Amino acid sequence: MKIFNTLTNHKEPFVPLVPSRVGIYVCGVTVYDECHVGHARSAIVFDVLRRYLMYRGYQVTYVKNFTDVDDKIIKRAADEGITCDTVVGKYMHAYSRDMKRLGVGIPDVEPRATEHMSDIIRMIQAILDKGLAYRIDGDVYYRVSDCPAYGRLSRRPVADMQAVARVEVDTRKHDPMDFSLWKAAKPGEPAWDSPWGRGRPGWHIECSAMSVRHLGATFDIHGGGKDLIFPHHENEIAQSCTATGQAFARYWVHHGFVTIDEAKMAKSLGNFFTVREIVEQSNCPEPVTAEVLRYFLLSTHYRGDVNFAPAPMAAAKAALDNIYDLFIRLSEPPRHDSAPGTSFRNTLTAFQKTFEEAMDDDLNTPRVLAECQHLRAEVNQGQQGLSREERRDVRETFRRCGAPLGLFQLDEHTWSFRELSFGAASCRTAADQDCTDEWIQEQIQQRAQARAQQAFAIADSIRETLASRGIILEDRPDGSTRWKR
RNA sequence: GGCGCCGUACCCAAGUGGUUAAGGGGGCAGUCUGCAAAACUGUGAUUCAGCGGUUCGAAUCCGCUCGGCGCCUCCA
C-alpha cells in the first residue's frame with residue numbers, strides 16, 4: 001500500500017514499524033460545539049484508513065483524542081454561564097452520537113487532555129531539562145530557534161515566518177515563534193498544579209503527550225486536517241522529539257477541507273452545516289442519509305477539497321439508489337436457476353483486485369466508486385441469467401469491498417429511494433409512517449385487479465396515491481409488481 | 001510579503017509520460033411497458049485554463065501568464 005506522506009511530500013510505500021501492526025493517532029475535536037461536515041469528513045477519512053488497514057490484515061491501534069481544556073471551551077462556558085465540565089460533557093456526547101450515526105467506528109483509545117496531566121507535565125519538564133524551554137511568570141515556552149528541524153513538515157523557513165508574523169507578539173517571549181507549553185492560571189479558569197505553579201497545558205503539548213503515551217515515542221501514522229500542518233503538527237514534532245530524543249510519527253496524513261461555495265467551511269465564517277441538522281432534517285431515514293454523506297465525501301480523493309452542496313449530494317444519492325436497486329433485483333429469485341459460470345466468477349475476482357489496487361494507491365476512493373458502478377452495470381446486463389449462487393456472490397462482493405468504506409452494508413429493503421432533501425418543508429410526514437406493508441400490498445392488489453380489467457384510470461390513481469406517500473411501484477415483465485420506499 | 005494547492009465535458013470527479021481521457025449526475029433518442037418506473041442500448045471532451053519549452057511521444061515533466069483557494073492566528 002502507498003500513502004502520501006506530508007513529511008516527504010511524496011506517495012510512499014507504507015511499511016509499519018512493527019510488521020503487521022499499525023499505530024495511528026488522529027487529532028480529534030475540541031469539544032465546545034456540534035460537529036459539522038468538516039469534522040465528519042475527517043472522521044470518515046481516517047475511519048476508512050483504519051478499516052482498510054484492518055482489511056489488509058494489520059492489527060491497528062487507533063487513537064483519537066478529545067481536547068477538553070481550551071480557550072474556546074472556557075469562553076463557551078462563560079458565555080452560557082455554565083461550567084467547563086458541562087460544556088465538555090455535552091459536546092463529547094454530541095460528537096459520539098454523530099459518529100455513531102455516520103457509522104464511524106469508535107477508536108481503540110479516546111484519550112482526554114485532562115486525564116493526561118501527569119504525562120503532559122512530565123513531557124514539559126523533560127523539554128525544560130534539555131534546555132529547549134524557558135519559564136516566564138508561570139508560563140513555559142518552547143524555544144524554536146534551538147530546534148534545527150523546525151519547519152520541515154510545513155516546509156517553511158523560520159526566518160520567513162518571523163518576517164511577516166501577523167500574530168500579536170507577546171513581548172516577553174524570547175522569539176516571536178516560540179510557543180507555549182504551559183499557561184499560568186487565570187482566575188476562574190480550570191487549572192492544575194505543576195512545578196511551575198498552577199496552570200493549564202498549551203494546545204500542542206496534549207497531543208504529543210497522549211500519542212507517545214498510547215503509541216510510544218515513535219509510531220506509524222499521525223493524521224488530521226491540512227490546516228493542522230502548521231503550527232500544530234510542526235510544534236508536536238518539535239516537542240515530542242525534544243522530550244523523547246527519538247523520532248516521532250513516521251507518516252503524516254492530511255486531508256483537505258470541506259468547502260461551501262468554494263470557501264473553507266469554518267465556525268468563524270459561519271458557513272457550516274452540522275451533522276445533526278443534515279441527518280435530522282433529511283426526509284430519508286438516518287442510515288440512508290448517513291450513507292449518502294459518506295458516498296459524497298468519498299467521491300472526492302481525501303487530499304483534495306470537497307464542496308458541500310445539494311446538487312452533488314443528490315448525485316451521490318442517485319448513484320447509491322442505482323446500487324441498492326441492483327441489490328433488490330439480486331434478492332429476487334432468478335427466472336431460470338442456471339448453473340454458475342466461471343467467467344462470471346472471474347468478473348468478481350477481477351473487481352476485487354481492482355478495488356484493492358485503487359485503495360492501495362493512497363486510498364483512491366473515487367476510483368473505487370467508479371469501479372463499483374462499472375460492476376453494477378456489468379451485473380445488470382447479465383442479471384437475468386445469473387444463478388441464485390451468483391446473485392449471492394455479487395451481493396457478498398459489494399458487502400466485502402464496501403465494508404472498509406462503510407458503504408453497501410444496509411439491507412436493500414430498508415433503503416429509501418425517495419429524493420434526498422433537507423429542511424422542514426421536505427421532512428418525513430406523519431402520513432408516510434402510516435403506510436404499512438400490508439396496506440401497500442392491498443393497494444397493489446387493487447391496482448392489479450383494475451389493470452386486469454383495463455381500468456387504467458383507477459390503476460394510475462392508486463399508483464399516484466402511493467407515490468404521493470413516497471411509495472414507488474415497478475411492474476415486472478411477469479405481471480407482478482415490486483414496490484419500494 | 002512568505003509557503004503551498006487547484007483549474008479535465010452542462011455539473012461533480014478519476015487519470016499525472018505512450019493503445020479508444022474512468023465513473024456518477026443531468027440532457028436527448030431508442031428497446032421494454034396499457035402508460036409509467038426500473039433496467040438495457042445509443043449519444044457526449046480530436047481534448048485536459050492560456051502561451052512557450054523538454055521529449056519519438058504530455059492532460060501528465062519544466063517555465064511564464066491568467067483565474068480560484070488555503071496556510072502563515074483558533075481551526076478537521
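Nothing here was measured: the structure is a model prediction, and the numbers come from that model. Letters go in sequence order (proteins before strands), and every chain restarts at 1.
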With rounding to whole Å, what would you report as the distance between [N] and [M] at their [atom1] atoms?
N	M	atom1	result
B:rG25	B:rG42	P	16 Å
B:rU54	B:rC61	C1'	8 Å
B:rU20	B:rA45	C1'	13 Å
B:rG23	B:rC32	C1'	26 Å
B:rC6	B:rA14	P	11 Å
B:rG57	B:rG18	C1'	7 Å
B:rU73	B:rC51	P	39 Å
B:rU41	B:rG24	P	11 Å

Is there a donor on the side chain of [X] or the base of [N] sitting less than 3.5 Å from an acceptor on the other?
X	N	value
A:R303	B:rC6	no
A:D475	B:rC35	yes
A:R476	B:rA38	no

Output all residues satisfying ring-ring contact (aromatic ring centres under 6.0 Å, His included) with [X], sequence neighbours left out; order by chain, then residue number.
X	answer
A:H233	A:H222, A:W252, A:H254
A:Y302	none
A:F273	A:F308

Fill in: Stems where RNA chain B pairs, listed by first number, each of three or more Watson-Crick or G-U pairs under 3.5 Å
B:1-7 with B:66-72, B:10-12 with B:23-25, B:27-31 with B:39-43, B:49-53 with B:61-65
Discussion item. Run the side chain to side chain donor-acceptor pair (under 3.5 Å) test against A:T289 and tell me which residues pass, sequence neighbours left out.
Written reply: A:S282
Practice prompt. Would you indicate whether the side-chain heavy atoms of A:D325 and A:R329 approach each other to under 4.5 Å?
Written response: yes
Fill in: A:I328 and A:E332, any side-chain heavy atoms less than 4.5 Å apart
yes
Is there a side-chain contact between [X] and the phosphate of [N], meaning an N or O under 4.0 Å from OP1 or OP2?
X	N	answer
A:K264	B:rC71	yes
A:R451	B:rC35	no
A:N322	B:rG25	yes

Worksheet item: Excluding sequence neighbours, so at least two apart, what forms salt bridge (Lys or Arg N to Asp or Glu O under 4.0 Å) with A:D393?
Response: A:R345
